Amino acid sequence: MPELPEVECLARAVREETRGCRFTGVNFLRPDLREPMPVDAIKSALVGANLRSVRRRSKYLLIETDRGTAILHLGMSGQLLSMDSPDPVKTHTHVIFELRRKDSSAAPQNDGGKPKYLHFVDPRRFGRLTAVPAGTDLSTHPWLSKLGPEPLEITADALAEHLWRKSRGRKPAVKPFIMDGAVVVGVGNIYASESLYLAGIRPGRAAGRVTRQEYRILAQAIQTVLGAAIEAGGTSFRDYLHSDGSEGSYALQLNVYGRSGEACRKCLSPVRETRHLNRATYFCGACQK
DNA sequence: CTTTAGGCCTGACGGC
DNA sequence: TGCCGTCAGGCCTAAA
């Protein structure tokens, strides 16, 4: 499932694939994902417009043109696949973006006017897509305005202080606390368990009782885990695929996630499984205090 | 204010 | 072989 590293890898790949392109069409195969898509707003932000940038904020992909910005979320089963076909080739293809190189008419022998297509595929339809016109302040957009800081764009110390301050007086467990996008973005279910394992902190500890020093270690662990996952191209645990259809390899480095009953890689104790807010949580009862 | 439960959605999987 | 229940989970809303 796409978390921060997966979306970061996707943003980088799409940035490369669409460099120097303009949108020449958007085809909606159904009108809604999680919610209805504002078809006209999306078309007017993209069609006929030159691509300016492809960025990531939290788990949102931001596709900016000179007319506006499309905001896309993969939900938990979404993929954005680079295809040659203008027609859906996978089931649950919901939106197909058409792009062409800007200089296609000037250099017809050079990849010519052959269009590229990005297929937004999302079986579970937890994904979402919208767009805003150029000049809109994205930080005030309802989808983005309540988000916490990017964990890889501040120092480990700043992240640690932030987590420590925000957690004071909070009784719920530290694991759902670091997964709360209003606290810090991008730490999804997989990487929350992995970060807490690396930091040696039990996921069930009350967030407000984790010490300042422990948050320093945890902040480091979050950055280490997310950074390594990006390096590995993300985790293809169930549905996630790169835009070229390949899989990320971070699943091979997972220490606890999905390893219930298997031996801890450090101490060989069986990895334990519990739940927080109905989400699977994995930890080593011996290594994590 | 903080916190939690439930809903969205489909495919995979286990039990029978 | 197929049916049925359960689970997966990011993010939202409602409600406590």
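From a predicted model like this one, the values you see are computed outputs, not experimental measurements. Letters go in sequence order (proteins before strands), and every chain restarts at 1.
A straight line from CH2 of A:W143 to P of C:dC12 spans 9 Å, rounded to a whole angstrom. In this entry the distance linking CE of A:M179 with C1' of B:dT3 reads 15 Å, nearest Å. The CG atom of A:N278 sits 12 Å away from the P atom of C:dG10 (whole-angstrom rounding). When rounded to the nearest whole Å, the span between NZ of A:K166 and P of B:dT3 equals 11 Å. Atom pair A:R125:CZ and C:dC11:P shows a separation of 18 Å (rounding to whole Å applied). Between the CG atom of A:L33 and the P atom of B:dC9 there is a distance of 11 Å, given to the nearest Å. In this entry the distance linking CG of A:N189 with C1' of C:dC11 reads 13 Å, nearest Å. Between the C1' atom of C:dG10 and the CD atom of A:E3 lies a distance of 9 Å, rounded to the nearest Å.
Look at A:R170 and you'll find a side-chain N or O under 4.0 angstrom from OP1 or OP2 of B:dT3. For A:H73 and C:dC11, the shortest distance from a side-chain N or O to OP1 or OP2 is below 4.0 Å. For the OP1/OP2 pair of B:dC8 and a distance below 4.0 Å, the side-chain nitrogens and oxygens of A:R124 include no atom meeting the criterion. Phosphate proximity of C:dC11 to A:R279: absent, as no side-chain N or O sits under 4.0 Å from OP1 or OP2. The shortest distance between the side-chain N/O atoms of A:H92 and the OP1/OP2 oxygens of B:dC9 is not below 4.0 Å. When the side-chain nitrogen and oxygen atoms of A:K171 are compared with OP1 and OP2 of B:dT2, none of them lie within a distance under 4.0 Å.
Across the interface with DNA chain C, nearest-nucleotide mapping of A:R128 and A:R275 shows A:R275 to be the residue nearer the 5′ end.
Looking at the side chain of A:P172, the nearest of the listed nucleotides C:dG10, B:dT4, C:dC11 is B:dT4.
The six-membered or imidazole ring of A:Y191 lies near that of A:Y250, with a centre-to-centre distance under 6.0 Å. Taking the six-membered ring where the residue is Trp, the centroids of A:F120 and A:H94 are separated by 6.0 Å or more.
In this structure, A:K266 is positioned above the aromatic face of A:Y197, its NZ or CZ under 6.0 Å from the six-membered ring centre and within 45° of the axis.
For the residue pair A:S139/A:D137, the side-chain donor-acceptor check at 3.5 Å is satisfied.
Here A:R34 lies in heavy-atom contact (under 4.0 Å) with a base. Using a 4.0 Å heavy-atom cutoff across all strands shown, A:F177 reaches no nucleic acid atom at all.
Taking a cutoff of 4.0 Å between a charged side-chain nitrogen and a carboxylate oxygen, A:R124 and A:D122 do not qualify as a salt bridge.
A stacked arrangement is assigned to A:F126 and the six-membered base ring of B:dC8, with a centre-to-centre distance below 5.5 Å and an interplanar angle below 30°.
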